[in-house]
Amino acid sequence: MSKANYYLQTPRKHEVTSFDRELVLGFLKEMVRIREFESRAEEQTLAGNVVGGIHLAIGHEAVAVGVMQALRREDYVTGPHRGHHLVLAKGSDMKNVMAELLGKATGISGGRGGSMHMADAETGLLGVNGIVGASIVIATGAAFSAKYLGQDRVAVAFFGDGGSNKGQFHESLNMASILDLPAIYVCENNEFAVETAVSYSTGVDNIAERGSSYRMPGIIVDGLDVLDVYVAAKEARQRAVQDSRPTLIEAKTYRFKGHSIGDKEDYRTKEEVQERMKSDPIFKLKHRLEEAGWLSEQQWNELKSEVDREVETAVQFALNSPLPSAATALHHVYAKEMF
Amino acid sequence: MREITFASAFAEAVHEEMDRDPTIFVLGTDIRIRGGHFGQLKDIGQTFGPKRVVDSPISEAAMVGLSLGAAMTGLRPICDLNFEDFYLGAMDEVVNQIAKVRYKFNGQFKCPLVIRASSGAARATGPQHSQMLEAWFAHVPGLIVVAPSTAEDAKGMLKTALRGEDPVIFSFHKMLGNMKGPVPDGDYTTPFGQANIVKPGTDVTIAAYSIMVPKSLQAARELEKEGISAEVVDLRTIVPLDVNTVAESVKKTKRLVIAHEAYKFGGMGAEIAAQIGEAVFDYLDAPIVRVGSKHAAIPVSPVLQEQITPGKAEVVAAVQSVMEGVVRV
Ligand SMILES: Cc1ncc(C[n+]2csc(CCOP(=O)(O)OP(=O)(O)O)c2C)c(N)n1
Ligand SMILES: [Mg+2]
């Protein structure tokens, strides 16, 4: 791929059969894992077992899976407050992710972080983040690091449409452009920041167009189509490692659930949500696989029950895990305990 | 021992450490040729080249955020923010991100980085180029905060910072930059959390840091003429804070004055006074008195600035008041 300056790419439709069958079946399973995890996380929240608020990523599955499947394990990822799908898709063990939501010692952040502060040094997840915009600067630094150390590695920042209005977004994209960093900026545009519509809050029609200010391609993908996301992310990764140039990807998706659990959703109608759920990324892919003759009902049922078992195991693990020891509350403030 | 300036000692540490450790890089504005606004890192751009001495756009949030991402992934950034006042464009990165990254992720990541900025008032530096924010940083768990006053400590403490595993806020007072002091040859480090008695005395303790150390020493010399023997303690690091050395000194002198250029209201002096009260109240023969800036922005006009920021005279007056047992505030 050539060194690319700004251009705007609109969504592309790829034939499912132009990909490896096992690969696409894997995408499907990953998306179902996230969906089921999120459903159980909601259930556990309503049951009062989750400590702190959570933001469900139902509707965002194809973005996480499409991007992560295009990455290598050693690539770095940061994400925002809505991030369970990113943590899972990057490869963390579901048991420890669920345990983190329940504030248990076996959680991936030892119960200190909860939903919005999960990280996994094993998978290159440099953290999801409670602060909108923060993921963007941190991934920029990881991309700097990869280039400095001459590693074949990229860093990906996920953030929302709301996050793209933060100064950190603009400072980072400019920095990545002038320093030629192997970074990929993935905006999950789900049309809302809490209740605020992107059409109101954002001074461009497509967030991808903001790439034009920073000499980087602005790639719009259908965030409900995992294949479109995957191809765009593969190309962006190649641009990052071969040309050391950043890419801005805008994944147009939709949040099927409230901003957080308990959101009354007065800013949109139930009908609107129902209508949009017809484009459910999981059922769309399932349908295309069936049409291609790549997925039988039996295979689907097997996939579903395998996932159900994994998620159930994770829930039981989390419920049965010990709480953090109170004596550890002051650990990890500094390298050595000081206070 | 050879005598060099505080700024040269700082730059020497950067040179030597960059020679030693290839993962150290400098990110700053106007850094590669000019060596930063004050030329504090002149020649390092020439020596180490653009890969390791990186000119940044004026993007404080991205500078500090980039430094964090780099520190989490194997590098050791020195982020030069130019003026301490410019932290305010990166406060989210400092407070919400850098300070908490080790803790919130349960020790999975460390954050070995140094942020250097020029602090304090110089001639006519005015409201937005004169601030001392160390009390803000001290209030945030996870940050190390250092404010050395001598060339020797500037070098030794930067080396400690660059060999440690925690984020370090390095307060470099503008008026210290050109001050000369003895600096040992060869490699050495200065530990964090150890105050230094820079002048022994018997009648009163003056605990100070940064620019108020040389000013307190001047005050102590003047007080000597009045027959008052002041012990001057240079705290050197704000976090970790060595209150023990101050407490031991107070046990001997029975009196304490705390001096910093940052605002007196809500400043480090309040914390130190409270800790001394908790530790050695029974030894005190007089109320603890604090010296710090009055509560206004730092005005440009030197006539007005002098009204706001403390100097030798304020330290002398504070000592006189605790000696008399009459506290004038
Ligand atoms: C700096 C900051 N401001 C405000 C918030 C509160 N907040 C949390 S999520 C959110 C909406 C973010 O919208 P978007 O970036 O589009 O992500 P989405 O929730 O849609 O996934 C807001 C305002 C925050 N966490 N951080
Ligand atoms: Mg949104």
For this session: For Ala61(B) and Glu171(A), work out which heavy atoms get closest and say how close.
Result: N-OE1, 3.1 Å
Exercise. Going from CE on Met63(B) to OG1 on Thr140(A), what distance comes out if it is rounded to the nearest 0.5 angstrom?
Worked result: 13.5 Å
For this session: Compare all side-chain heavy atoms of Glu93(B) with those of Gln168(A) and state whether any distance is below 4.5 angstrom.
Result: yes
Exercise. Measuring from Leu173(A):CG to Ser59(B):OG, what's the distance to the nearest 0.5 Å?
Worked result: 11.0 Å
Exercise. Which distance, rounded to the nearest 0.5 Å, do you find between the CG of Leu179(A) and the NZ of Lys51(B)?
Worked result: 13.0 Å
Exercise. So which of Pro240(B), Pro77(B), Gly142(B), Pro22(B) has the largest heavy-atom pair count under 4.5 angstrom toward chain A?
Worked result: Gly142(B)
Problem set entry | Per-residue contact mode, Pro50(B) against chain A (heavy atom under 4.5 angstrom) | neither
Problem set entry | Test item: Arg52(B) and Tyr148(A) side chains (from C-beta on) under 4.5 Å apart, heavy atoms | yes
Seminar exercise, completed: Answer key: most heavy-atom pairs under 4.5 Å with chain B among Ala155(A), Gly111(A), Gly113(A), Ala119(A) is Ala119(A)
Problem set entry | Any Met338(A) side-chain heavy atom under 4.5 Å of Val239(B) side chain | yes
For this session: Can you measure from CD (Glu165(B)) to NZ (Lys336(A)) and round to the nearest 0.5 angstrom?
Result: 8.5 Å
Exercise. How far does CZ of Phe109(B) sit from CD1 of Ile138(A), to the nearest 0.5 angstrom?
Worked result: 10.0 Å
Seminar exercise, completed: Given Asp92(B), Leu66(B), Leu27(B), the one with more heavy-atom pairs under 4.5 angstrom with chain A than any other is Leu66(B)
Seminar exercise, completed: Note: Gly141(A) and Thr73(B) closest approach over all heavy atoms is O-OG1, 4.5 Å
Exercise. So do the side chains of Gln97(B) and Val137(A) get within less than 4.5 Å of each other, counting heavy atoms only?
Worked result: no
Problem set entry | Atom group of Gln108(B) that falls short of 4.5 Å from chain A, counting heavy atoms | both
Problem set entry | Gln128(B) atom CD, neighbour heavy-atom count above 12 within 6.0 Å | no
Exercise. If you round to the nearest 0.5 Å, how far is NE2 of His332(A) from CG of Asn106(B)?
Worked result: 4.5 Å
For this session: Using a 4.5 Å cut-off on heavy atoms from C-beta on, say whether the side chain of Lys104(B) contacts that of Asn129(A).
Result: yes
Problem set entry | NZ or CZ of Arg112(A) within 45° of Phe105(B) ring axis and under 6.0 Å | no
For this session: Among Gly193(B), Gly65(B), Ala62(B), single out the residue with the greatest number of heavy-atom pairs under 4.5 Å to chain A.
Result: Ala62(B)
For this session: Would you check if the distance from the ring center of Phe144(A) to the ring center of Phe25(B) is below 6.0 Å?
Result: yes
Exercise. Pick from Asp120(A), Thr328(A), Ile108(A): which one has the most heavy-atom pairs with chain B under 4.5 Å?
Worked result: Asp120(A)
Exercise. Pick from Val101(B), Asp55(B), Asp166(B), Leu68(B): which one has the most heavy-atom pairs with chain A under 4.5 Å?
Worked result: Asp166(B)
Problem set entry | Smallest separation among heavy atoms of Ile144(B) and Tyr334(A), with atom names | CG1-CE2, 3.9 Å
Exercise. Where is the tightest heavy-atom contact between Ser145(A) and Gly74(B), given as atom of each residue plus distance?
Worked result: OG-N, 4.5 Å
Exercise. Side chain, backbone, both or neither: which part of Ile178(A) has an atom under 4.5 Å from a heavy atom of chain B?
Worked result: side chain
Exercise. Checking heavy atoms, do the side chain of His331(A), its backbone, both or neither come under 4.5 Å from chain B?
Worked result: backbone
Exercise. Under a 4.5 Å heavy-atom cut-off, does chain A meet the side chain of Val64(B), its backbone, both or neither?
Worked result: neither
